[in-house]
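To keep things clear, I will list the structure first and then write my remarks on it.
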Amino acid sequence: MSRLASGGLIDRSLSHRFAFDGRLYNGHPGDTLASALLANGVRLFGRSFKYHRPRGVLSAGPEEPSALVELRGGARREPNTPATTIELYDGLEATSQNRFPSLGFDLLAVNNLLSPLLSAGFYYKTFMWPASWWEKVYEPLIRRAAGLGRAAGLPDPDHYDRAHLFCDVLVIGAGPAGLAAALAAGRRGARVVLCESDPLLGGRLLAETGEVDGMPGADWAAHAEAALRDCPSVTILRRTSVASVFDHGSYVAVQRVADHKPQPDPHEPRQREWRIVAKRAVLAAGGFERLAAFSGNDRPGVMLAGAVRTYLNRFAVAPGKSAVVLTGGGDGWRTVADLTRHGVPIAAIVDRRREISPEQHKLAAASGAWLHLGAKVTGTRGGPALWGVDIAGADGVPRFVSSDLLAVAGGWNPAVHLTSHLGGKPVWNEAACAFLPGALPPGMAVAGAAAGTFALSAVLAEGAAGGAAAAEAAGFSGPAPSVPQASDAAIAPTPIWIIDGGKQKAFVDLQHDVTLKDIALAHREGFVSVEHLKRYTTLGMATDQGKTGGVAGMAAMAALTGRGMAETGTTLHRPPFTPVAIGALAGHHRGKDFRPARLTPAHRWAAEQNASFVETGPWLRAQWFTQPGETDWLQSCMREVNAVRGSVGVCDVSTLGKIEIAGPDAGALLDFLYINTFSTLPVGRVRYGTMLREDGFVFDDGTTARLERDRWVMTTTTANAPRVLQHMEFVHQVLRPDWRVAFISVTDQWAQFAVAGPRAREVIAATLDPGENVSDAAFPFMACGSFTTLGGVTARLFRISFSGELAYEIGVPSAYGDALARRIMAAGAAFGITPYGLEALGTMRIEKGHPAGGELNGQTTAIDLGMGRMMATKKDFIGRAMAQRPALRDPQRPTLAGIRPLRPQDRLRAGAHLLAKDAPSTIAHDAGWVTSVAFSPSLGHWIGLAMLTNGPARHGEIVRADDPVRGGSVLVEVVPPCFVDPEGARLRG
Amino acid sequence: MGYSFLSLVREALRGQTGWRPAWRDAAPKPAYDAIVVGGGGHGLATGYYLAKEHGLTNIAVLEKSYIGGGNTGRNTTIIRSNYLLPGNERMYEKSMQLWEGLEQDLNYNAMVSQRGVLNLYHSDAQRDVYARRGNAMRLHGVDAALLNETGVRKLYPWLDFDNARFPIRGGLLQRRGGTARHDAVAWGFAHGADRLGVDIVQNCEVTGFRISGGAVQGVETTRGYIAAPKIGLAVAGSTSRVAALAGLRLPIESHVLQAFVSEGVKPLVDGVLTFGAGHFYVSQSDKGGLVFGGDIDGYNSYAQRGSMPVVEDVMESGMAIMPAIGRLRVLRQWGGLVDMSMDGSPIIDRTPIDGLYLNAGWCYGGFKATPGSGWCFAHTMARDEPHFINSALRLDRFATGAVLDERGAGPTPNLH
Amino acid sequence: MAELSAFTKVKSVAATHGSTTAMPIEPRSVVSITAWRGAAPALADAAQVTFGLTLPQPGRWIEHNGLAAIWAGPGHWWLQRDGRSELLAELAPLAPHAGLIDMSDARAVLRLSGPAARDILMGLLPLDLHPRSFTPGCAASTLAAHMGVHVRQLDDAPTYDLSCLRSYAGSLWRALELASAGPLRLPAA
Amino acid sequence: MRIPCPHCGERGNDEFVYLGAAALTRPAADAPAEAWHSYVYLRDNPAGLHSELWQHTHGCRRWLVVARDTRTHAVFSATDAAV
Ligand SMILES: Cc1cc2nc3c(=O)[nH]c(=O)nc-3n(C[C@H](O)[C@H](O)[C@H](O)COP(=O)(O)OP(=O)(O)OC[C@H]3O[C@@H](n4cnc5c(N)ncnc54)[C@H](O)[C@@H]3O)c2cc1C
Ligand SMILES: NC(=O)c1ccc[n+]([C@@H]2O[C@H](COP(=O)([O-])OP(=O)(O)OC[C@H]3O[C@@H](n4cnc5c(N)ncnc54)[C@H](O)[C@@H]3O)[C@@H](O)[C@H]2O)c1
Ligand SMILES: Cc1cc2nc3c(=O)[nH]c(=O)nc-3n(C[C@H](O)[C@H](O)[C@H](O)COP(=O)(O)O)c2cc1C
Ligand SMILES: [Zn+2]
C-alpha cells in the first residue's frame, strides 16, 4: 500500500470497494480510479495503441494519454476513459483494454518487436499486393488490432439533458485565477457562471502546498467557494467542462451529473449539455505539464512531476517507493520538496542545469537524494513497471539508480485550447517557452497559467483583474477588486523538450506510440509542415490530442528543420476541449423523441377506427383502417377505394398546408405566386393552381379558395407547407413589400375532412346544421362557402375533389375536429360511410392522374406535368422567365403518362425505368421512369404514372418497365394519365 | 525507391534511413506547359493524369498551403458511384473504376476499402426514389442492391429498428462503395505525379491572372509570376475567390460542412451507413474512430468551422439510428469549405477565357470523384474539350437549363 | 358542442412538479392582426380608441379588460381572450388598417406556474428567462425541442404561458416532461 | 452563431433560415435571359463582408438583411428586408 498516513482531500472514514480487471480493491471518497489504484500499488494500467507497450499513469487529469480503461459494463461500458478523471464510487468496475489475453501478457506486444517495420506511415507503403487482399486480409487484421477499448454495442440506457444559461461573465476553470475572477465579477453583481471540470474547486491549489491569504491553498479555495455562494448572481457548475467555443459568445459545457455514481438516480440525467451564452468570458483553464522526450520515457512509473505532487498532496498517495526527479528548472524542485515532506525517499535528482539556487541545494540535502547537475536521463529499466533509471552525469559518466518513480518536470503548456476554437493561432513566446494564446475569440480574456502566468501571486492578480474587467465590459463597474495574496517567487520556465542519447524509444505521443525516430522519418520523407507531420505520424491525434507530448513533437521537427518554434508553429486545437459523449450532445432527441410528431385533431378518432399511422415528415397520418378479417394493407386499401367509388368515404386531410390570406392585394400576390390567374376568381369559388420556383421548375400545387372579397385560403401539399409559407413571406417582404396583404398558416386552426363518393352530398347535408343548402345548384363544383355544423360551429366547405368523385372538404376549428369526424360518420352511417387513409387517397389520385409526390419531385416542369397551357402569358410570375430556358422546353423531356401492365396480373413498381420494348438494358436507352403505382380496384389491375420521354405522343405504345433492383421487368402500355372517368362526370354529379 | 513490403523490410533493417521525400518540394519554374491551381486531391490527380495519360510533364501543381490540407484532408472519406442522373453517374463510376486499381497504379496504399455503402430508407416513397436510382445505376452497369428491413438487419442488427421515430424499412446498398484514406489519396497522387516529373509547389498562392486577348497567359503567385498557356482551377471552396481574380462570377457559394471523429474503438461499424430521415453518415476508420458528419451549416462561410445547431443535429441523428454510440466520445470536430454549386453537381469545363479551365462545384461529395475528376479534367485541359464522361458537367448548363439537380432542390445551394 | 383538448394524449390535463403546475388553457379566442405597411400607427390608434388597448412594444404583451395583445412581429399582434367569442367580428373596426385572421384553434397553450417553472423552462427554451431580462409582460417566440414555441410571462410566481402549434401539443408536453425529469437544482436566481 | 434580430433581439442561428446574397435584384419580367441567369444562379460569394438574407422563422418571421463577415462570422448589422 502506498497510501500516506495522513493528509489529502479524501474521506478516510468511508471506504469504496471497486474492481479493476476483476480484482477487488479499496479506496476512499475523493479518490480517482487512478489514485486509488496507485494507492493499492497498481502500476500497469493499459497498453499503447500500436506497439502494445505496457503503460501506467502519467498525469492526474484529463490530459492522460496512457491510463485509459473501460469503465462499467454491459450497456454502460465506456471505453477509453482516463482513470485519472474517474471519480471513485462504491462498486466501480473497470477493465483494462487493447490487450489479449490479459493486461500482463498481451500477444500483440509482439508489435513492439516488429516496431522497426511499423514505422510512421508504414501502411502507406505496403499491403498493396495482391490487390484483392486489402479488404479480405490486411484490413480486417489492421482493424482488429486498432482501436483501443470496446464500445458497448448496446443502446445507451441513460438519458441526457440539455439546458440553457445566459450570463454576463463565464469563468472557465476554478483554479486560483478562475476563483479570483469569479469573485471579482460576482461581487460587482454580474451574472457569473463558473465552470469547473473537476468535482472540487481549486485547480492546482488542491495539488500544491502554496498559501493564499495566509491559509493553505485548498482551504482558501473552500473559502472562495463559500464567498461565491454568497453572491446571488453567481452560478457554480462543478464537474462541468467547457467543451467548445462558438461564434458570438456561445459556449457548450458538459456537466457530468451522475458519472460519479454506478448509474444515475431514477429520472436523473447522466450528463447535461449546457448551452451557455456569455457576454464575456475569462479563460482560466490552467496548464498541462509536458512530457519531455527521452529514451524510455513511457515506462509505467514515469510520471509528470506536477502529477506526483497532486497524488501526494490531494490524494495522499505516494506514487512510488523511491523516486528520481528529472527537471530543467525550479518546478521539479517543488516535487522534491513535497516528496521529502511526505517521506518518500528520493534516489536521485537530475537537473539539466549546472547551477541551482542555495535553497535547492538545501532541499536536495534534506531529501538525501543523489544530486546530478547538468545531467540527463538516458534510459529507464523495468518490465511492466519501472525499477531503475539510467543517468548520464555532466561528466558523461553513466550511472544507474534503482527507483520505481521517475518524476519529470518538462515545463508547462498553457491550456490555450479554447482560444483556438474560432481559429486563433497560439503564438510562440520565447520568454514563457510556450505557445500562448494568439487572437482571442471576441469577448474572451485569459488569466493565470492559461495565459502563461505561473507565479501564484500573479495568477491571483491576473484572475481578479480579468474578472473585474469582464464585469466592467458587461456593464458592471465597481471598485478595484481585492486581490488575494500569495507570496511566491516566480519560477523561470526552463523547459526540457528532448533529451538525446539513450537507445530506447523516446516518445512524443504515448498513446499513439509516436517517437522521435518517427519525427525524423517524417522529416526525411518531406512531411515537414506540422500539419503533415501530425497526419503522417498521427502525433497528437489520440484521445488526449497531444496535451502532454504534442509540443515536444513540434520542437523535434523545429530542431530538424532548423526553423525554430515560432516559425514551426503548432497544429490547430479543435473542439471539444476533452472528448465528449455523443449522447450528451444529442440530449433527449433519440428514439421516439428524435423529432416531435404532429397529430391531427382527429387522431384519437382515427386510432379508434383501427388506423395504421405512417410518418409523413413531422406528421403521423392514417394510412389505412384495418377491418376484422383483413390480413394485408392492400385488402384494406381496396375496400376503402371501393367504398368511396361505390358509396361514400371520409378522409382526414388536416395535414395539408392551409394558408389564409387577407387584404386587398391578395389577388395580386396569388397571381404572382401561381402560373395561372387568381385575381379574377369570384368570391365563393375555388381554383387549382401550380407554383414554380424561380428557376422554372414546379414547386407546389393546390387549390385556393376566395372566401370573401379580401379573404382567401390556399392549400399546399403536406410536405411543402412550411416552405410555401416561407416563400410567400420572401415574396411579400423582400420583393413586394408595398402590397397590402397579410397571411398566416392556418393548418393547425382547421380540422379538415374530405367526404367523397356518390353519396357525399347527402352526408354533407346531414353533417351540416339543419337548413343549410348544398344542392348542386346552390353549391356547384369548385364552390366554397361558410356554413355551420355541430350546432352553430363555423364550417368552411369546399367542393373540390382529389378522388374524382363527387366530393367536399369540410373544415371546422380544430377543437371540433374530433366531434366533426364522429358527426360525419353518424351522418354517413346509412350509406356505410368508410374512413379511408393515405393509401386509398393515393390510389384514387393515381386513377385520376393527378400529379403528387412522385411527380412533384422538384425536377419536373409544368409542361412535363401536362400543365403547360396553364401558364399565363400576360403576367409576371415567379419562375416565368427561367421556365423559358431551352432545356426546360425540350420536347424530348420526360412527360407525364399513364401506364398499365400488358398482362393484367403483372405488378408495377415505382422506381422502375422505362425502355423501348426491345431496347437493351443500358442507360443509353433509358426513356423515363415510373413515378407512382397503385392497384386499381376500379380497373382490377395495377396502374401507374410515369415520366416518359415524349410521353403524350406515345399513348398506345408498349414499353418495358425494368426494375433490376427488385428483379423484374414488365411490359406496359402507355396510356393517358387519367384512368377513371376522364370526362369528370362523377365529380360534377 | 518504390514502396513495397520488401523495401519496408530493407529499411527496417537500417533504421528507416534510406527513404527519400514522398514527393519533391519543388520550387516554381518561370514557365510551364500547364499549371493546376490547388494541391488537393483533384489538383494532384489532374497533374498525375496530365502526365500519365497525356504526356504533359512540364507542368506544376500550385498549392497555397500544404498539399491535401483542404477538403481532401477533412472529409468523411466516403466513396461511391450511386448517382441518379447519367451526367453524373458516368463520371462517378469512372472514378470508382480508377479507385479500384489506384494503389497499384500510384505505388501508394490509399487504403481504398470497398466495404459497402448503405443508404437507409424509412418510407415507401423513399424506397421508390432509391429504387429509381438503383435501377439507373444498374442500367449503367453499376452494382446496386435494394434491401428490405430483413436485409438491413442481417448487416447491422444493432440499428434502432423498433423504437425509432422514423423506422428503418430498408436500404440501397452499393457493395463496391466504401472509404479511402483521405490524406493518402493526396500524398499518393503527389507521389505518383512527382515520379512522372510533375512539380508540386507548396506555399505558393495564386494571387492573380495575366489575361490578354481573351486568353490566359500565366498566374501571379506569392512566389512570383509563372507563365503557362493552360491553367486549371481545382481550388474547391476557394473557387469563387480565385475565379474572381480572372473576372469570373460563378454559380457557386462556399459553405461550411463539419465532420467529426470519435475516440478509437474496436470494430463496430463495418461499412458506410447513411440515415435517410435526417442528416447523418458514418463509417469507422481503420484506426478505429467513427468518422461521421451531417448537413452543411447552411450559410456562406470561409471560416472552416461550424456552429452548434448542426453539431447537435448530427449527434441526434446518430443516436436516432445507433443508440449504442451514446457513450462513445467525440474526439474532434472540424469544418471544410465546400463549393456548393447551384444544382448540387460539379463543373468540369472550359471557361469563357481561353486556356482557363474550371473544376469546381463538388459540394460535399467530391472526394469520391478525386481520380475521375482528375482524369476528366486532365483530358479537358489537354484536349481543350470535355471528354464524353464529363460532357454534362458544363458551366453553361444553368443558362440553358440542362441542370443536374439530383435532389430536385432548385437553385439554392443551402438546400442541397 | 364537443370540444376536444389539444392535449388528448395527456392522461391528466394538469400535472404538478412539487408545487409547480402545468395545465392547458383552452378554449381561447385569438386573432392574428397584421398592419398594412405604414399603417401600424393608425392601427395602434384604432386599438386605443376602440378597445382602450395600447398595442405592446416588441417582445411585450399587455392586457386590458380581459383582452390581451401579444406582440408577434413588427406590425403584427395576436389579440386574445379566454373562452370562445366572436372576436374576429368584434375586431372589425381594425380591419381598415390590417389583415385579421382567426387563429383561436391554431395553437395549444400550457400554463406553467410555480417555483420550478423557470428552471424547467431553462431546460427547454434558448431564452434568457432570468428576472433581470424576462419579466411579467415579456413575450417571445423561439425554437425548442425542434418545435416553434411562444412564451409569455404572466407573474412572478413565476407563471408562463407556453404555446406551440396545436398539432405539436403532445410533443410539447413530452418535451416538458423530459425537461422537468431531472430538476436542474440550480441555486434560486 | 447568433443573429441580432432587429425585432426580437439576439438569437441562435437555428431559429433562422438562410437564403443567400441579399444584394440581388429581381429582374424585370422582360429582362434578357442573362439578367435572369445572373439573378438566379451567379453569386459573388465574397470572402469578407457579405450582405445576406436570413428569415427569423422561429421568431418574428421577418426576412432580414444581415451584414456578416464570411471569414470571421462577425455580424455588423441586421435590418428588416422590407424597411
Ligand atoms: C467535412 C467534409 C466531409 C466530406 N465528406 C465527403 C465524403 O464523404 N465523400 C466525398 O466524396 N466527398 C466528401 N466531401 C467533399 C470532398 O472533400 C471535396 O469535394 C474534395 O475533397 C475536393 O477536393 P479538391 O481537391 O477539389 O479540393 P481541396 O482538397 O479543398 O483542394 C483545394 C486546394 O486548393 C488550394 N487553394 C485554394 N486557393 C488557392 C490559391 N489561390 N492558390 C493555390 N492554391 C489554392 C487549397 O489550399 C486546397 O488545398 C466532404 C467535404 C467536407 C468538408
Ligand atoms: N511553473 C510554475 O510555477 C507553474 C506552472 C503551472 C501552474 N502553476 C500553478 O498553477 C496555478 C495556476 O492557476 P490557474 O488558476 O491558472 O490554473 P489551475 O490549473 O489552478 O486551474 C485551472 C482549472 O481549470 C479547470 N479547467 C481547465 N479547462 C477547463 C474547461 N475547459 N472547463 C472547465 N474547467 C476547466 C481545471 O480543471 C482546473 O481546475 C497556480 O497555482 C500556479 O502557481 C505553476
Ligand atoms: C477521415 C478522418 C479521420 C480523422 N481521424 C482523426 C483522429 O483519429 N484523431 C484526430 O485528432 N483527428 C482526426 N481527424 C481530424 C484531423 O485532425 C483534422 O481535424 C482535420 O483533418 C481537419 O484539419 P484541421 O483541424 O487542421 O483544420 C480525422 C480527419 C479525417 C478526415
Ligand atoms: Zn425576429
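Only this structure's heavy atoms are used, side chains among them; waters, hydrogens and symmetry mates stay out.
- Contact record, A/A662 with C/G99: CB-CA, 4.2 Å, taken as the closest heavy-atom pair.
- The environment of A/E608 atom CD is dense: over 12 non-hydrogen atoms of other residues, nucleotides or ligands sit within 6.0 angstrom.
- In this structure, the portion of A/F594 lying under 4.5 Å from any heavy atom of chain C is its backbone and not its side chain.
- Only the side chain of A/D593 comes within contact range of chain C, with heavy atoms under 4.5 Å apart.
- Side-chain atoms of A/D168 and C/R132, non-hydrogen and from C-beta on, do get closer than 4.5 Å to each other.
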Q) side chain to side chain contact (heavy atoms under 4.5 Å, CB included) between A/H267 and C/L178: does it pass, once the steps are laid out? A) CA-CA 9 Å; A/H267 302 303; C/L178 291 169; over 6 Å; no
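- Proximity to chain A (any heavy atom under 4.5 Å) is restricted, for C/R174, to the side chain, taken from C-beta onward.
- C/R107 has its side chain out of reach of A/D748: every pair of non-hydrogen atoms, C-beta onward, lies at least 4.5 Å apart.
- The minimum heavy-atom distance linking C/D105 with A/A815 is given by the pair OD2-N, 2.8 Å.
- Comparing A/P737, A/G663, A/C167, A/S745 by heavy-atom pairs within less than 4.5 Å of chain C, the highest count is held by A/P737.
- Annotation: the span from A/H164 atom NE2 to C/L125 atom CG amounts to 7.0 Å, rounded to 0.5 Å.
- To the nearest 0.5 angstrom, A/I744 atom CD1 is 4.0 Å from C/S32 atom OG.
- C/D128 has its side chain within reach of A/R191: a pair of non-hydrogen atoms, C-beta onward, lies under 4.5 Å apart.
- Closest heavy-atom contact between C/S171 and A/A597: OG-N, 2.8 Å.
- Side-chain contact check for C/L124 versus A/R162: every heavy-atom pair is 4.5 Å or farther apart.
- The main-chain N or O of C/I101 is never found under 3.5 Å from a side-chain atom of A/E660 such that the two would form a donor-acceptor pair.
- In this structure, the portion of C/L127 lying under 4.5 Å from any heavy atom of chain A is its backbone and not its side chain.
- Remark: C/R166 CZ to A/S654 OG distance equals 10.5 Å, nearest 0.5 Å.
- Within the 4.5 Å cutoff, the side chain of C/S133 has no heavy atoms near those of the A/F166 side chain.
- The CG atom of C/L88 lies 9.5 Å from the OG1 atom of A/T794; values are rounded to the nearest 0.5 Å.
- Note: A/H589 leads A/R275, A/R822, A/H589, A/R823 in heavy-atom pairs under 4.5 Å with chain C.
- Residues C/H146 and A/R595 form a side-chain contact, since some pair of their non-hydrogen atoms from C-beta on lies under 4.5 Å apart.
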Q | CA sep, side-chain torsions, deciding dist, call: A/R711, C/D102, salt bridge (Lys or Arg N to Asp or Glu O under 4.0 Å) | A | CA-CA 11 Å; A/R711 185 173 303 279; C/D102 184 11; over 6 Å; no
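- A 4.5 Å side-chain heavy-atom check between C/M103 and A/V746 finds every atom pair outside the cut-off.
- Distance NE2/A/H732 to CZ/C/R37: 8.5 Å, rounded to 0.5 Å.
- In this structure, no portion of A/W750 lies under 4.5 Å from any heavy atom of chain C.
- Neither the backbone nor the side chain of C/I33 comes within contact range of chain A; no heavy atom of the residue lies under 4.5 Å from a heavy atom of that chain.
- Chain A forms more heavy-atom pairs under 4.5 Å with one residue of C/P27, C/A35, C/S167, C/A95 than with any other, namely C/S167.
- Counting only heavy atoms from C-beta outward, the side chains of C/L165 and A/R598 approach each other to under 4.5 Å.
- Heavy atoms closer than 4.5 Å to chain C are found nowhere in A/P264, neither backbone nor side chain.
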